[in-house]
Asks: 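Pasting in a structure now, in structure tokens, and then I'll have a few things to ask.
Numbers here simply count residues along the sequence, with the first being 1. Counting starts at 1 for both ligands and their atoms, in listed order.
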Amino acid sequence: MPQRTILEVPDPRLRLPATPVEDFDESLKTLVADLIDTLHHSGTAIGLCAPQVADPRRVLVMDLSSRRCEPQVYINPVIQSRARFTFAEESCLSVPGVLVNVWRATRVLVQAQDPTGAPFERELDGLHAVCLQHEMDHFAGKLLVDRMWFLQRLRFNRRLARA
Ligand code: ZN
């Protein structure tokens with residue numbers, strides 16, 4: 001399974017809204033397999049979604065297992081409820097080199113579909129919940145850059161301008 005190239009800011013494709021998956025076909029299975037492979041080769045990242053590899057579909061994968069062998073796949077996820085908010089420190093493969101504090105729910109109830117199209121519902125806690133919300137931000141074209149405080153964003157933009 002080939003890895004895919006991860007887009008980084010300021011690539012405009014990261015800002016496009018994602019589209020719902022309607023066809024649970026071979027191309028979707030390939031995408032899911034490639035996302036998992038790319039995530040597992042990315043170092044320590046715990047989540048990745050299709051828009052980060054220039055595919056507009058609403059597909060995300062997470063793996064928080066210590067041996068990185070228990071990937072979870074969420075297609076067309078919708079959060080039904082959020083609770084227990086706190087600040088969580090997040091990083092992003094598409095916004096390299098920064099940590100940003102984001103106000104997140106640490107308990108969510110999510111409905112989604114698996115790669116065959118079968119619907120499921122799951123309650124997520126802690127980092128699982130935070131990661132899901134982070135990846136779903138990508139579906140709306142929203143990035144950690146938008147969550148930075150003013151000075152942090154200023155420093156980040158300066159660094160981008162120098163690159
Ligand atoms: Zn991200």
Side-chain angles (χ1 to χ4, degrees), residues 1-21 28 30-66 68 70-79 82 85-108 110-113 115 122 124-161 163:
M1 285 164 281
Q3 292 175 52
R4 301 205 186 180
T5 305
I6 298 173
L7 304 180
E8 293 182 3
V9 284
D11 194 305
R13 288 171 290 180
L14 287 168
R15 295 300 192 174
L16 300 175
T19 54
V21 173
L28 178 69
T30 305
L31 171 65
V32 167
D34 288 355
L35 280 173
I36 292 171
D37 205 36
T38 307
L39 175 66
H40 283 162
H41 282 87
S42 68
T44 56
I46 56 177
L48 185 67
C49 64
Q52 288 180 277
V53 298
D55 188 306
R57 286 175 281 186
R58 297 177 76 89
V59 179
L60 69 88
V61 300
M62 309 195 279
D63 194 344
L64 280 78
S65 65
S66 53
R68 297 173 71 70
E70 294 165 29
Q72 298 182 8
V73 180
Y74 296 83
I75 295 167
N76 298 330
V78 178
I79 294 178
R82 295 174 163 85
F85 283 80
T86 185
F87 275 106
E89 193 170 63
E90 298 179 16
S91 61
C92 179
L93 290 169
S94 296
V95 189
V98 289
L99 292 171
V100 183
N101 275 311
V102 185
W103 186 245
R104 296 285 194 198
T106 58
R107 175 164 285 185
V108 299
V110 59
Q111 284 180 348
Q113 286 164 282
R122 194 172 292 162
L124 298 176
D125 279 311
L127 256 187
H128 280 104
V130 169
C131 184
L132 180 91
Q133 293 165 86
H134 175 110
E135 298 309 328
M136 286 182 68
D137 274 0
H138 281 291
F139 294 158
K142 201 166 187 179
L143 300 169
L144 277 190
V145 190
D146 312 323
R147 307 273 197 175
M148 289 176 183
W149 297 105
F150 175 73
L151 279 176
Q152 190 180 18
R153 190 186 305 198
L154 204 66
R155 277 198 298 270
F156 184 76
N157 287 340
R158 277 204 201 112
R159 207 183 75 198
L160 270 191

Asks: Can you tell me if R122 uses its side chain to pair, donor with acceptor, with the backbone of A112 under 3.5 Å?
Replies: no
Asks: What is the number of protein N, O or S atoms that sit under 2.8 Å away from the Zn ion (ligand 1)?
Replies: 3
Asks: Give me each pair satisfying salt bridge (Lys or Arg N to Asp or Glu O under 4.0 Å) with a member in residues 47-57, each pair once, sequence neighbours excluded.
Replies: D55-R57
Asks: Taking only residues two or more places apart in sequence or in another chain, which ones pass ring pair (Phe, Tyr, Trp, His ring centres under 6.0 Å) with F87?
Replies: W103
Asks: Do side-chain atoms of D137 reach the backbone of L143 as a donor and acceptor pair under 3.5 angstrom?
Replies: no
Asks: Are the side chain of R58 and the backbone N or O of P20 linked by a donor-acceptor pair below 3.5 Å?
Replies: no
Asks: Show me the donor-acceptor pairs within less than 3.5 Å that the side chains of residues 94-102 make with the rest of the protein, sequence neighbours left out.
Replies:
residue : atom : partner : partner atom : Å
S94     : OG   : L7      : O            : 2.8
S94     : OG   : Q52     : NE2          : 3.0

